[in-house]
Amino acid sequence: MKVIAIASDKGGMGKSTAAVNLACAATEDGFKVAILDFDPQASVGRWARLRKKLGLPPRPLVETCVAIDIKDRLEELRASGAHLVILDTAGRDNNAITEAIDSADLVLTTCHPTDLELSTLGPTLARLKTKKTKHFVLLVDWTAGAARRRVDAIGAVNRAGGVVAPVTYTHRADYRVAIENGKGVTEYQPFEPAANEIRSVWSWLHAELSMSGDNAEAHAAVA
Ligand SMILES: Nc1ncnc2c1ncn2[C@@H]1O[C@H](COP(=O)(O)OP(=O)(O)O)[C@@H](O)[C@H]1O
Ligand SMILES: [Mg+2]
């Protein structure tokens, strides 16, 4: 079982949107996926309740969690045969961010390539500096063609000691509307650009996490 923490010290950076969409893409790929929602506002929990109400599949599994329970919950999920757990933290929840980072195989920090958002990365990068955990800043580009802005953002992240993921996704209405419909973009509009870009981010993560063994097991399990 692999664990991804989505962490930033600021809210509104797109963490829950990434958690939901990556979880849906990994589920579509045959993995047993759970999201642990640490946000007291439980936005992913609300999304899961909407799925239930609409009769959509109960996968990915979504559970709310508090920092103190994280290790026990991960053990339970491991025992239940989960392949991937995504920890969706809330900005400013110090304990949850620390525990999530300590429990993760890989940490992602979503960020738009704007000065305002990039300037909030400092505390998150400082947390990661002393850890061996893989960490990537996942840039959520405003438009697919904003290459110049992306290059500048990569420079800013690197100067702050961070690494930008070699894949990206963009700012599109589909991400918001899919969640409002209890779905990830791969379910909502499976053949549209948002679904394709999320699948490519998932595919990169899958390789970074060396999940090929789990993948074979997952495909055998769903066969
Ligand atoms: N790629 C995206 N495209 C369009 N809107 C997005 C995207 N990512 C996030 N949003 C919107 O930005 C807002 C904050 O996103 P959210 O995932 O809740 O952030 P966080 O979990 O970091 O607080 C939400 O209204 C969400 O719909
Ligand atoms: Mg959130």
Side-chain angles (χ1 to χ4, degrees), residues 4-25 34-51 60 62-67 70 85-97 99-101 104 107-114 116-125 127-128 135-146 149-150 153 162 164-165 167-190 192-202 204-205:
I4 298 173
I6 306 194
S8 65
D9 286 78
K10 181 184 175 299
M13 302 267 279
K15 291 183 292 295
S16 299
T17 301
V20 159
N21 284 292
L22 291 169
C24 287
I35 303 174
L36 291 183
D37 182 0
F38 290 89
D39 191 339
Q41 292 178 336
S43 36
V44 180
R46 249 197 331 272
W47 173 81
R49 281 198 299 282
L50 176 59
R51 276 181 86 75
V62 175
E63 295 178 354
T64 52
C65 190
V66 289
I70 188 165
V85 182
I86 298 182
L87 310 176
D88 181 30
T89 64
R92 291 188 302 273
D93 183 347
N94 217 19
N95 288 344
I97 297 173
E99 291 285 337
I101 288 173
V107 181
L108 283 179
T109 301
T110 48
C111 186
H112 285 94
T114 64
L116 270 181
E117 286 203 6
L118 290 163
S119 68
T120 69
L121 291 178
T124 315
L125 294 174
R127 283 173 189 280
L128 270 305
H135 174 242
F136 296 93
V137 175
L138 182 55
L139 286 178
V140 181
D141 288 345
W142 283 111
T143 64
R149 188 168 274 278
R150 183 173 170 78
V164 172
V167 287
T168 189
Y169 61 101
T170 50
H171 196 89
R172 298 175 191 273
D174 273 3
Y175 288 101
R176 180 177 46 77
V177 179
I179 287 183
E180 287 167 355
N181 283 279
K183 295 181 176 177
V185 289
T186 45
E187 296 172 297
Y188 174 64
Q189 295 277 17
E192 293 298 317
N196 290 334
E197 61 192 14
I198 280 293
R199 284 192 198 103
S200 69
V201 174
W202 162 244
W204 164 75
L205 274 172

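In listed order, ligands and their atoms are each counted from 1. All values derive from a computational prediction rather than experimental measurement.
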Rounded to the nearest 0.5 Å, how far apart are [atom1] of [X] and [atom2] of [Y]?
| X | Y | atom1 | atom2 | value |
| --- | --- | --- | --- | --- |
| Thr64 | Asp88 | OG1 | CG | 12.0 Å |
| Asp141 | His171 | CG | NE2 | 11.5 Å |
| Tyr188 | Glu180 | OH | CD | 9.0 Å |
| Cys24 | Arg199 | SG | CZ | 11.0 Å |

* Asked: According to the interplanar angle, ranging from 0 to 90°, do the rings of Trp204 and Phe136 count as parallel (below 30°), tilted (30 to 60°) or perpendicular (above 60°)?
  -> perpendicular
Indicate, as side chain, backbone, both or neither, the part of [X] found under 4.0 angstrom from ligand 1 when only non-hydrogen atoms are considered.
| X | value |
| --- | --- |
| Val140 | side chain |
| Arg172 | backbone |
| Asp88 | neither |

Look only at interatomic distance and state if [X] has a nitrogen or oxygen under 3.5 Å from any nitrogen or oxygen of ligand 1.
| X | value |
| --- | --- |
| Gly12 | yes |
| Met13 | yes |
| Thr17 | yes |

As a test of the contact definition, would [atom] count as having a protein heavy-atom neighbour under 4.0 Å?
| atom | result |
| --- | --- |
| atom 16 (P) of ligand 1 | yes |
| atom 24 (C) of ligand 1 | no |
| atom 6 (C) of ligand 1 | yes |

* Where is the nearest protein heavy atom to atom 19 (O) of ligand 1: which residue, which atom, and how far? -> Gly14 N, 2.9 Å
* Structure fact -> Of all protein heavy atoms, the one nearest atom 1 (N) of ligand 1 is Thr170 O, 3.0 Å
* To do: Please say which of Thr124, Thr109, Asn94 ends up in a side-chain hydrogen bond (donor to acceptor under 3.5 Å, both in side chains) with Asp9.
  => Thr124
* Asked: Hey, does Ser43 sit under 4.0 Å from ligand 1 if you only count heavy atoms?
  -> no
* Asked: Got more than 12 heavy atoms from elsewhere within 6.0 Å of CD, Glu192?
  -> yes
* Test salt bridge (Lys or Arg N to Asp or Glu O under 4.0 Å) on Glu197 and Arg172 and set out the steps. => CA-CA 11 Å; Glu197 61 192 14; Arg172 298 175 191 273; 3.0 Å; yes
* To do: Check whether any N, O or S atom of Gln41, backbone or side chain, sits closer than 2.8 Å to the Mg ion (ligand 2).
  => no
* To do: Could you check Thr89 against Lys15 for side chain to side chain donor-acceptor pair (under 3.5 Å), going step by step and ending with a plain yes or no?
  => CA-CA 8 Å; Thr89 64; Lys15 291 183 292 295; 5.6 Å; no
* To do: Pull out every atom of ligand 1 sitting under 4.0 Å from any heavy atom of Tyr169, numbered as shown with elements.
  => 1 (N)
* **Matching residue for Leu36 among Val44, Val85, Val66, Ile86 - test: side-chain contact (heavy atoms from CB on, under 4.5 Å)** => Val85
* **Proximal candidate to atom 21 (O) of ligand 1 [heavy atom criterion; set Ala19, Ser16, Ala18]** => Ser16
